[in-house]
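Reviewing the structure listed below.
We number each residue from 1, following the sequence as shown.
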Amino acid sequence: MSLTSALNAAASGLSLINSQLKVTSTNIANANTEGYTTKSLPGTQGVNETSGSSYVMSTQVKRQVDETLRNAYWSELSGGGFAKTLATYTARLDSLFGSLDDSTSLPNRVTEFTDALTQLAADPSSQSVQATVVSAAEGLAFTLNNTSEQVQGMRAEADSMTYDQVQSVNEILKSIEAQETRIIETRAEGQSTAELDDQMDMLLKDLSNYMDVEVHKDSDGALRISTQSGHTLYDDEASQLSFERTAHLTAGVEGGPLSVVSPNGSEMKLSAADMQGGSIGGLLTLRDEVLPEAQTQLDEIAHSMSLALSRNVDGGNAADDGATPPVETGFAADVSGYDQPGDVIELSFTTASGLTRDVSFVAVSDPSMLPLDGSATAGADDLVFGIDISGSGASIEDQISNALGPKFSVSVDAGGELTVLTDTASTGVTMTGLTSYTAKTDVSEPGLAVPVFTDGRDGGKPYTGALENGGQKAGYALAIKVNPEVSDDPSILGGEAGGSGSSAQDSTRAEYLIDQLNTTQFTFSSETGIGASQSPFQGSIADFTRQVISTQGAQADTAQRRLDVTETAVSTAKLAYEQSYKVDVDEQLVNLLELQNAYSANARVLSAVNSMFDELMQVVR
C-alpha cells in the first residue's frame, strides 16, 4: 500500500469514527428521552478507481426500530384508550345508580314506597300515613329525575369531550402532514431522516390513543393512515374529522355523527367498526349505547311503575254463545275504559296443532302509525295489532275482528264488554285468556288503580304509555312527578275518593297497589339490556329495579376487568417495544470506548504516515 493510500484510509477512518462518536454521544445524552430510538452510523468501504486505494465512508444515520412491536404497541394503546374511557364512566354510572345497601338507591326507594303503602293498608284512614306514602312517592320520583338528569349530563359531557378530542386529532393530522413533508424533503437531499422519524412515531402514538388506526408505509417510504373500515386519514395530504356538539342532548335525542372530510371536501360518516378502539370510540360508545341504555332502564322503571298503579286490569271471564250446549266458547273482558293511547288488550289461544299464540291490541290515537310492529310491546313473540281509537275509522269491534280473522267471533256490547269466542270443534282453536289494561287518567274514575304519577312534560299530563311522537316512555324518568291530585288529597290513597268498594276504612286499594309493585309479574323491554328479545326479563317491578342495580354493577366490574387486562397488555407491549429501541447506556459506553480505541489507532497510522513523509522529504533534500 502506498503512503498516499494509507493516508487516505486513515483520514477517512478518522472522519467516520468522529461522526460515529457524535451519534454515540447523542444516544447516551438522550437515553431517557421519550420516543428517542437508538441510532447507529454504519460505515462502508470504498475503492478509489484512479489510485486503487481503499477508504471508508459513512452512510446515513439509522435508527433501531422493530416495526412489528411498534405497531402492536399502538394497537394496544388504542384498546387501552377505549377501555379506560368506558371503565371511568361505567364506574361513575354504577355509583350514580347506587347499591342495594344504599338507602337512596332506586330499589330502596321502591321499598320505602311499598313499606309506606303497607303501613297504609294497616291504617288506611291515617292522615300521617297517607302523607308518608306521598312523601315516599315524591322521593322515588326525585331519585328517578335526578339519576336521569345526571345520566344525560354524562352524555353531554361525553359529546363535548368527543368534540375536544376530535380537534386534537385534527391538529395531530396536520402535524403529521407537515412532518411527512419535512421527511420527504430531507430524504430528497440525501440526509438522514432518523430524528424526524422518531418525531413522526410520537405523533402516530398520540393518534393511536385517540383512534384505532391502520398505519402503512409504501415501498418508497410514503405514509398512509386509515381507519379500521378503510376511511383515509392521511395519504399525501391530511384529511380532517368533522364533529359538531349536539345541542340539547337529552333522552331520545341522538348525538351527531363523526365523519372524515377528505382534502377534496368529500365527507364520509365513520362506521361502528371505527368506534371499537381509542378514547373517541369509547366516548361515542358511551354517548350512543351505554348511557342511553341506562336511561332506558330508568324509563322502564318509571313507565312500568306508573302503569302498574294507574291501570285497571280486567282478567276476563269465561263466556259462550248462550246455546245449549254452547257451540262457541271464549272469554269476555271490560274494555269500557279502552280510550287512551297505550291501552292494551291481550288475548291468548292455542292452535289446532297445539301452538300457543299471544295477541296484543295496542290503542293509538294517530292512525298514521298503523300497522304497528312487534317492538310496540315487550312480549317475546306476540302478534301486535294497533287499534285506532281516534274515532276516524272502524269501531274497536271491527278492528279486532278483522285482525283475528273468521275463526273468531268478536263483539262489544253497549256496556263496553268485549267478547271473543271460537268454535273449537270446527276450528281447532281454543281460547285461553283475555285481559284488558286500561289507564286511569283521573283519580275519580272507578277502580282500585290510582294514577299516582304523571308526566311533567308539556305542563303535565296523564301517563298512559302512548306510542305517539316517539313514545311517551322515552325520557319519562326525567319527567315523572307525583300526581297533583294525589299530593293535594292524600286521602285518595286511603280509599275516600276511590271507586267501587273503597272507603275510609278499606285497605283494599292500598293492598292492590302493594300487590302491583311487589307481586304482579310484568314483562320488561329487552331494550333495557336486561333479558333478550326472545326471552325478556319477567318479574315484579321491585325485581326489575334490583336487577337494574345489579346490571350496572356488573357492567362496571366488566369494564374494570377489561381495563386491567388492557393495561397489562399495553404495559407488556410498551416494554417489548421500548426494549427494541431504547438506548442501552452500558452498550453505548462500550461502543464509545471501542470507537476511541479505533480513533487512536487511525490517528497513529496517520502520525506514522506523516513521519514517513517527513523522512522521505529529508531524503529528497
Side-chain angles (χ1 to χ4, degrees), residues 96-148 297-311 313 440 443 447-454 463 476-477 480-498 502-522 524 537-553:
L96 175 61
F97 272 68
S99 66
L100 296 177
D101 297 330
D102 182 359
S103 61
T104 61
S105 67
L106 280 172
N108 287 318
R109 287 294 193 187
V110 173
T111 299
E112 181 182 339
F113 182 43
T114 54
D115 286 348
L117 286 171
T118 300
Q119 295 177 39
L120 184 63
D123 190 1
S125 63
S126 170
Q127 294 182 355
S128 63
V129 174
Q130 293 166 3
T132 298
V133 174
V134 172
S135 177
E138 290 173 341
L140 177 52
F142 173 80
T143 297
L144 285 166
N145 297 161
N146 183 60
T147 307
S148 296
Q297 291 169 359
L298 294 169
D299 291 340
E300 186 76 4
I301 292 172
H303 160 85
S304 301
M305 183 173 59
S306 294
L307 292 184
L309 300 177
S310 67
R311 273 181 171 175
V313 181
K440 289 177 62 174
V443 297
L448 294 174
V450 182
V452 175
F453 299 100
T454 59
Y463 186 81
Y476 177 49
I480 185 173
K481 304 292 181 187
V482 173
N483 189 340
E485 291 183 290
V486 175
S487 297
D488 294 342
D489 185 9
S491 65
I492 293 168
L493 299 169
E496 291 182 355
S502 186
S503 70
Q505 300 299 320
D506 189 353
S507 63
T508 307
R509 170 168 283 174
E511 291 170 349
Y512 172 81
L513 298 179
I514 293 169
D515 184 69
Q516 287 294 96
L517 291 174
N518 284 347
T519 306
T520 304
Q521 301 289 293
F522 297 92
F524 298 90
F537 182 85
Q538 292 182 317
S540 69
I541 292 171
D543 291 337
F544 180 75
T545 306
R546 286 190 290 270
Q547 186 63 40
V548 166
I549 300 301
S550 297
T551 298
Q552 289 297 330

Item to check | From OG1 (Thr132) to CZ (Phe113), nearest 0.5 Å | outcome: 12.0 Å
Checklist entry - Is there side-chain contact between Leu144 and Phe453, with heavy atoms separated by less than 4.5 Å? => result no
Next on the checklist: Can you give me the closest heavy-atom contact between Ala137 and Val482, atom names plus distance?
Outcome noted: C-CG2, 3.7 Å
Next on the checklist: Taking the side chain as everything from C-beta on, heavy atoms only, tell me whether Phe97 gets closer than 4.5 Å to Thr551.
Outcome noted: no
Checklist entry - Are any non-hydrogen side-chain atoms of Gln297 and Phe524 less than 4.5 angstrom apart? => result no
Checklist outcome for this item: Closest non-hydrogen contact found for Ile492 with Glu485 is CD1-O, 3.4 Å
Item to check | For the student: nearest non-hydrogen atoms of Ala136 and Glu112, plus distance | outcome: CB-O, 4.0 Å
Checklist outcome for this item: Here the gap from Ser310 atom OG to Leu513 atom CG, rounded to the nearest 0.5 Å, amounts to 10.0 Å
Checklist entry - For the atom pair OG (Ser507) and CZ (Arg509), what is the distance rounded to the nearest 0.5 Å? => result 12.0 Å
Next on the checklist: For Tyr463 together with Tyr476, are the ring centres under 6.0 Å from each other?
Outcome noted: yes
Checklist entry - Out of Met305, Gln521, Glu300, which residue meets the side chain to side chain contact (heavy atoms under 4.5 Å, CB included) rule with Ile541? => result Met305
Checklist entry - If you measure from OG1 on Thr545 to CG on Leu106, what distance do you get to the nearest 0.5 Å? => result 6.5 Å
Next on the checklist: Looking at Asp543, is its backbone amide N or carbonyl O close enough to the side chain of Ser540 to form a donor-acceptor pair, meaning the two atoms are under 3.5 Å apart?
Outcome noted: yes
Checklist outcome for this item: Value for CG (Asp515) from CD (Glu511), rounded to nearest 0.5 Å, stands at 9.5 Å
